[in-house]
Structure formats: C-alpha cells, structure tokens
Amino acid sequence: MLERQVAVMAEKYKTRTERRKQTQVQNKGKQKKPKGLFKRVFLFLVTLGIIGMVAGGATFAYFISDAPKLDEKLLKDPVPSTLLDIDGKPFKEVGQKREYVEYEDVPKLVENAFLATEDVRFYQHHGVDIRRLGGAVMANLTQGFGAQGASTITQQVVKRSYLSPEKTLKRKAQEMWLSLQLEQKYTKQEIFEMYVNKIFFENRANGIGTAAEIYYGKELKDLELHEAAMLVGLPQSPARYNPFEHPQRAEKRRNVVLHLMNKHGFITKEEMEQAQDIPIKKGLAKKGQNQMDSTPYEVFVDQVIKEVEKMGDYNIFADGLEIHTTLDRDAQEYVHKMLTTNEIINFPSDTLQTGITLLDTKTGEIRAIGGSRSADFNSGWNYATDTKRSPGSTIKPIFDYGPAIEYKKWSTYEQIVDEPYQYSNGVKINNASRQHYGKMTIREALGRSLNIPALKTFQEVGIDRAQGFGKNLGLPIKEDLVEADAIGGGKLEVSSLDIAGAYSAFGNSGIYNEPHSVKKIVLRDKSTTIKNKPESRAVMKDSTAFMVTDMLKSVLKQSYGTGVLADIPGLPVAGKTGTTNYSAEDKIKYNVEPGGALDSWFAGYTTNYTAAIWTGYENKSNFLGKSSQGIPKEAFRKLMQHVSEGKETKDFKQPSSVAKVGIVKGSDPAMLPNEYTPEHEIVYEYFLKENEPTEVTKKYEKLKAPYNVNAVYDQNGNEIELVWDYEESEDKEPEFEVKISSDKGGEREITLNEHALTIQSVIPGAKYTFTVTALADGQRSDPVSTTIEIADPNAMEELPGTDPEETLPPGEENAPGNGNGNPGNGNEQGNGNDSGNGGSPGNGNEDGDGNDDGQENPSEGWPGNGGNVTNPPATDSDDD
C-alpha cells in the first residue's frame, strides 16, 4: 500500500516536472517571437531609409540639374525691372537708384540687428542652417508646407539674385544647393554685403544705404539704435510695416527686433527698453522728400509697385522683372497735364489737391491715375489712392438706392416724400437747399441729391444690407455703418480708387472687378509668368445695375440734376456728385463762408470708362468755394471727352428682366395711362417684370369734337367765312387744327385758338373742303368736315326756258322774276334782286339760294354760299 502511494506520488511529480518543462519550452518560444519582429521592423525601416535616401538624392539631383550658375554681377548688382503699357511697349525702367554700401561701412549696430533678426548663426553655418531647417521641417509637417521658413542670409541672397519667391520643393532644393556653392566661393563678409545692398525696404528704397536716406534723411553711419531696428524690421513685409502708412505695425515690428537683439546679447535690457519707448515717427523724414522723379507716369508706377509687392516677395527695383501693366499712355499724360498745369483746368491755388482714378469699366484695369498737383511726384503722397475722405452723396447709389432696388424690388418710379425729417436719434436732417419738394420718384430724389429721401431709403433697406452691398463693391468698411453714412457723412472714408471700383460695377451689369494696374509679371528667367488674379464677382443683379445707371443718367441729363455741368452731349453717361460739409463747430472754428465745403466729388461712367475725382485741401482751414466745388465735374467732362474721342461708346444694355413702362405722372400707386392720357402726363420708368403695375387710370376721357361747322361765301369780298362751335371744359383749353383743301389750289393746314377762320382770294369754280380737329394735352378729337363749291360766273349753263339773247323790257330790270333770273349767290336775291322763281338746289341743308323768294320747289335753288351746315355735337367714343 505504501509502495503504491509512493509510486502514485512519483508519477504525479514526474507529470508536474514534464508539464513545467513543457511550459518553459512554450514560454521560451513566445519570448523569441518579439525579437524576431523587432529585427524585421528595424530591417524594414533601414531599407526604407536607404530607399528614401536614394530616392531623395535622385530627386534632389533632378531638382538642381537645371539650377542657374553663380554670376557675380547678379549677386552684387540689382537688375532693374521694365514696365510695359497696355500695348506691350516699355514705358519705364525702375531700379537704378541705389546707395551701395561696402561691408566696412556697415555699422556694427546695423549688422547686429540683421543677425539677431534674420540669421543669428550666420557666421557658424555653411550656407544652410541644419538646426533651423529641422525646426522648419517639423513646422511644415504639422502646419502645412510653407508654414515656416529656415532661410539663412546666404539663402536669401541666392533667392533674390536668381530664383522666384514661390514656395516649392524644387526652388528650395536649388536655393540650398546654390547657397552651399556661394559659401565656398565668397567670404561671409562679402555675402553679408550682397545681402544688405539687395534687400528692399518699401518706398523705392533698395538697399540699407538708400533706406537710411529715404526714411531718416541721413547716412547709414549716423543711424540710432531705434532707427536701425525699424529699418531692419521692414524687409520681412515692407508694405505691411511701412511707418508712413502703418506706424503702429511698424512700431511693434521694431520692438520685436530690439527684443531679439537683447535676447541674443547684442544690446542690454536697458538699451532695449529705452529704444522701445521712442515714438516710431521720431526722426522720420517726410514721405518722398528724398526721392526725385518727374515723368507723367510716376503716379501710376507708384500703384504698380504696391501691387507687385502684394503679389509676392518680389523686388521691383532689383529682380529684373518684366511687368505688364494696364497703362493707357495717352490718358495718363492727359491726366498729368490736367493736374500739373492750368491748360485744361484753371485751379484757384497750388495748394488745392485733386485725385483722379480712370478705370476700364468692363475689366477694372486702371488706365490712368492723377495723384498729385506737383509735376515732381517723388513717390510722395498719392491723392488718388492714399487720400481717404468722406464720400458725400456719391455714396447714395451704393448704400441707399442700389440696395433698395436689389432687395426691396423698387422701380425707378418708386414714390418717396421729401419733407421735414430727422434721424432715429431725433437729430434733424436737412437737404442742402434747405427746401422740401414733396412727393417724387426716387429718380428725381437721386437726381436732385436730396438727403431726406436718401435717409428714408437707407432706413427701409436696413444697415446690414446697405453695409453688405457696399462691402461687395470693394469699399473699405471696417466698422458698422451709422445712419449718417446714408448721405456720405458718417464714419466711412474712401479714396477715388475705391469709388471708381464701386461705380464700375454699375456700368458692368453688376460685375465687380477689383481695380488693378498689373496684368502679369515675367521673371528674370523669361520663362516663369506670374499672372495677377484680381477679384471678380457678381455683386448685384443686372437689373439693379441697369436701373441705378439709368437714374444716374438723369443726374447729368435732366434739368434738375446736380451733375448737368459734367454732361457730355451725345455720350451715354451716368454719374453722381458729392459734397462733404463742415460740422457746425468747424464752421465757426475755421471761419467757413456760407456754402463752403470740405470735399467735392464726382464719379461717373460710360460702358468703356469709369472715373472718380476728388478735390479738397489737406488742411481744414482751407475750404472749397462754389467755383472750386465744380472742378470735379469739369475734370470728369473733359477727361471723358478726351478718352472717348474716336471710340464707339455703346449705351447701357437693358436686361430682359427689366421693362420700360409708361406711368401716369404722380399716380401713387403707379397707374398705367389709358388711350386718352395726354403724352405730357406720362413718364417712362423701369420696373422688374414681375413688379409691373397693372391698374389703368380712369382720369382721362376722349377729347370732344367741334360741331356746327359752317362755311359761308361772301361774293363781295371773295372770301369764305368758316365757323364752328365747341363745348369747352374748365381743365382744357383746346387749339383747333384746320385743314383746307381745294380741287384747284392744293392743301394747307392752320392751327388757331379761335372758333372761326376767314379764307380770302377764293378761286371761282373751286370746290373747298374744310376739316376741323380739336387739340388738347396731346390728344386729338375726331375730325369734322364740310364742303363748299364756288360758282364760276363765266361758265354758267343756260337756264331752262330762257333765251340768252332776250332782254327784259325797259323798266322791268328790278321787277319780280318769272323763273328767268340767274342763280342767287350767297345773300344775293335772284338776278339783281329778282325774286327767283323755281331756283336750283342750295348747298347744304337750307332751302333755295339763301334769301331768294322762290315759291316753286324752293329746295332746288342754285347753290348758295355753302348753306348753313349743322352737325350734332360729337358723342364720346365709349358710346360708339
């Protein structure tokens, strides 16, 4: 028994041992598997890395295969850019101005500022900073390619000398390759010299030496710390940090540069804080005072430079660009002459400034810019693009009537009442004339430029819709509108370029094209073209654009329009005047004369061109008198005449969604005329087709016709007396059209106010027909006619029973006739007072021959003087 138990225990032990060994073997197998997987993954990654390196190397080799060769001339000398006009002909080369600075002449202060800001490890790397590159790669992987750059000063020299600024892998590979080569060929000092002379600082400042002169009017060696920091901060985004245009941005950027200089140990914290406390404008020279250029194209070139900078990291003064512009040379030269001489417009003073923008209506391309009264523009203040002023009444089509037609579906006939009125806050609003004109169409309200109807319309539209409409037209609306913006006296300020762009959309069937002066850029390699892509979009219905345009025609074409002095006979043109006034306080402060204004505007367009013109003074103490306020209208008229000469100018096309409808003048709601409505009581206005009026007026009736039209012949005077009657009404004083025709004398027509007419020198034997028609208020009555035949004594027929040879016995010449008398004529009795017996038929409805005493067949007497024709009064046509 004991042996059996021992045997069982031994068997169990053996079993447990075997199971333990088996488990160990299994566990051992499981532990080996991870090692094998890791090895395989590692080998895969190594293989992938090798493949990637080979592929990357191959790709890199491919990218740099057509990289340009280093050229010392391109490295050190900026290449000027060429500007071409609309016909593709060169008109300007820019980029020659440059104050070249040797490395030895660059102050350590300036060098340190550049190193701290752009490339603090410049003297340690070999053209490419691997440490910065790694950080940039991670940023690009997480934030998208191009999110962060790692360009060294060396790479920037290469990019600005040879390559385009586009962010592509190929361009970056070539940039790195050339940078490594550049570092092998030139010293660090030579490369730094290339850099500081090549970078662009805005305002036509190419290179640090030129920038010191342009911005501070001093040599580079004389710059103070805060000045050097401001200049060094500019190249990152020259236009954005321009201290003349954006002083707050420029100050923040300057302070960043000072912070970096302190961070990297170039200046102390105390020096940093002292420099940061200095106002950004301290020491700045007046914009443009150190730049001299005086050709007619300089103002236009100023705009081109701004646009090129917005298109990318291009340096127009050094990159050797070929810039295709929208310039019309003839128009630009005319505008330049208009502003810089008195040959076209006689300006009252040299201090009166004017800004002009001329666009192609269909494309938004800028054809000409008038930005200065000075012949030496100097790239200074551009009054066409830089000046921002309240737009006055030029804003009314944009904030008021345009949105009302677009969203409220108003017609050009929409009735509105001009009456005493006030803003929502209770402040009284007045028209410029201080008068009220009562109920009228919005066409007339806009034509007269009345403020009260404009405000009412703005309130009907609502601020949100008005604001959205204006933004779509490119206006720089940065904060919510207020009610005063309805008449151009609120917070919004605009340039002539802004207004021209907005108005061109009305003339272009509602399509807005952002104004632009650059069509495309061809880079130095002559194979890379960068096209300008200005914004283009439909901003309103074509019906809105057309109806606003037609109302703006009335501003120039109608006698009540405020822009009649800008009209060009024979040219389909639309436009709007605008005036901004002084506040009550400023009128007193500046002693402004009655009628004096702060700004004067005119904006208008044809199907070919759009122009916006502003006139005013820089200083509020100078105000515009009445004559000066007319300058924009005169300038517009003469400019449009000049550019339109010899060119076909089509009228604005009426869209199919719009109907021209005749409306009874003054009817409210609008009523259609009936067939009797006088023409002068009908006005023609435009409606959206689904909103046309349908009710017909009952105010007017058919004009009544004359009656009792009689013609009587007077033999003694040989004349006919024509008479008629007419039932006159209080509201009508008709004239009468009398048509006279004769079978022997032709026809003639007479219009008179009387009810009678005498016709002299009657032709014997002729048959006369008279037709009388009443005329009143453009209406014609039914015509009424009568006819008379005049006997010819020399051609009378022999009467029956009478011997023509027989004579009467003596003493019987005056005896009663026995039927042998000659026919009576008119009031004559028989033949020499004979009592005609049995005369021939009379003319008309009366018996015999007038006063004959014939007893036999009296109705058959000879024709009298037409008889007395009696016609009943004409009946109304509704009874027919």
Side-chain angles (χ1 to χ4, degrees), residues 59-98 100 146 149 151 154-182 185 194-195 197-200 204 206-207 235 238-239 295 297 300-329 363 365-366 516-534:
T59 303
F60 185 80
Y62 171 74
F63 282 162
I64 67 173
S65 61
D66 60 349
K69 297 184 180 299
L70 293 179
D71 185 333
E72 185 171 354
K73 183 178 180 181
L74 294 179
L75 288 169
K76 291 191 174 182
D77 296 330
V79 179
S81 297
T82 302
L83 277 63
L84 289 72
D85 63 19
I86 192 174
D87 297 318
K89 297 178 180 179
F91 70 91
K92 179 71 177 177
E93 194 173 74
V94 295
Q96 295 88 344
K97 182 175 178 58
R98 180 174 62 95
Y100 195 88
S151 293
T154 309
Q155 288 175 277
Q156 291 187 52
V157 170
V158 169
K159 182 176 67 175
R160 294 176 184 276
S161 300
Y162 300 102
L163 306 172
S164 72
E166 57 184 344
K167 295 182 177 181
T168 63
L169 288 172
K170 181 178 181 179
R171 197 272 293 167
K172 200 67 181 176
Q174 290 185 346
E175 179 186 296
M176 294 170 65
W177 172 249
L178 291 173
S179 297
L180 294 172
Q181 289 186 308
L182 188 66
K185 188 173 182 179
M194 295 174 191
Y195 173 73
N197 284 288
K198 193 173 285 291
I199 53 180
F200 181 58
R204 307 194 185 188
N206 189 67
T295 71
Y297 311 118
F300 189 91
V301 172
D302 180 69
Q303 178 64 21
V304 170
I305 293 171
K306 293 175 183 176
E307 288 186 31
V308 169
E309 290 171 359
K310 291 180 180 179
M311 290 176 66
D313 188 16
Y314 304 107
N315 183 349
I316 193 173
F317 295 95
D319 290 349
L321 308 174
E322 182 181 277
I323 304 171
H324 294 254
T325 77
T326 62
L327 175 72
D328 181 328
R329 286 205 210 190
T363 65
E365 294 180 352
I366 301 173
H516 57 284
S517 63
V518 177
K519 298 173 74 174
K520 65 180 180 180
I521 297 173
V522 179
L523 301 187
R524 189 185 304 174
D525 60 12
K526 301 301 180 184
S527 62
T528 305
T529 299
I530 311 298
K531 291 185 178 180
N532 192 13
K533 298 179 181 178

Give the C-alpha distance, both sets of side-chain angles, the deciding distance and a yes or no for side chain to side chain contact (heavy atoms under 4.5 Å, CB included) between T326 and F300. CA-CA 10 Å; T326 62; F300 189 91; 3.7 Å; yes
Show, in sequence, the C-alpha distance, side-chain angles and deciding distance for V518 and V308, and conclude whether the side chain to side chain contact (heavy atoms under 4.5 Å, CB included) test is met. CA-CA 7 Å; V518 177; V308 169; 4.2 Å; yes
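A heavy-atom distance below 4.5 Å is found between the side chains of E365 and K519. Residues Y314 and I323 form no side-chain contact, since every pair of their non-hydrogen atoms from C-beta on lies 4.5 Å or further apart. A heavy-atom distance below 4.5 Å is not found between the side chains of V304 and D302. When side chains are defined from C-beta on, V301 counts as touching L83, because their heavy atoms get closer than 4.5 Å. Counting only heavy atoms from C-beta outward, the side chains of D319 and L523 never approach each other to under 4.5 Å. Side-chain contact between N206 and K198: absent, with no pair of heavy atoms (C-beta onward) separated by less than 4.5 Å.
Atom CD1 of residue I86 and atom CD1 of residue I366 lie 12.0 Å apart, to the nearest 0.5 angstrom.
Applying the side chain to side chain donor-acceptor pair (under 3.5 Å) criterion to D85, with sequence neighbours excluded, gives R329. The side chain to side chain donor-acceptor pair (under 3.5 Å) test applied to S517 returns E307, not counting sequence neighbours. Every salt bridge (charged side-chain N to carboxylate O under 4.0 Å, His left out) that K526 has, sequence neighbours left out, goes to E322. In this view, K520 and H324, T529, K531 satisfy the side chain to side chain contact (heavy atoms under 4.5 Å, CB included) rule, not counting sequence neighbours. Partners of E309 according to the side chain to side chain donor-acceptor pair (under 3.5 Å) rule, which considers only residues two or more places apart in sequence or in another chain, do not exist here.
A donor-acceptor pair under 3.5 Å is absent between the side-chain atoms of S81 and the main chain of V94, judged by distance alone. At distances below 3.5 Å, at least one donor-acceptor pair connects side-chain atoms of T325 with backbone N or O atoms of L84. For N315 (side chain) and F317 (main-chain N/O), a donor-acceptor pair under 3.5 Å exists by modelled atom type.
When all heavy atoms of M311 and I530 are compared, the pair lying nearest together is CE-O, 3.8 Å.
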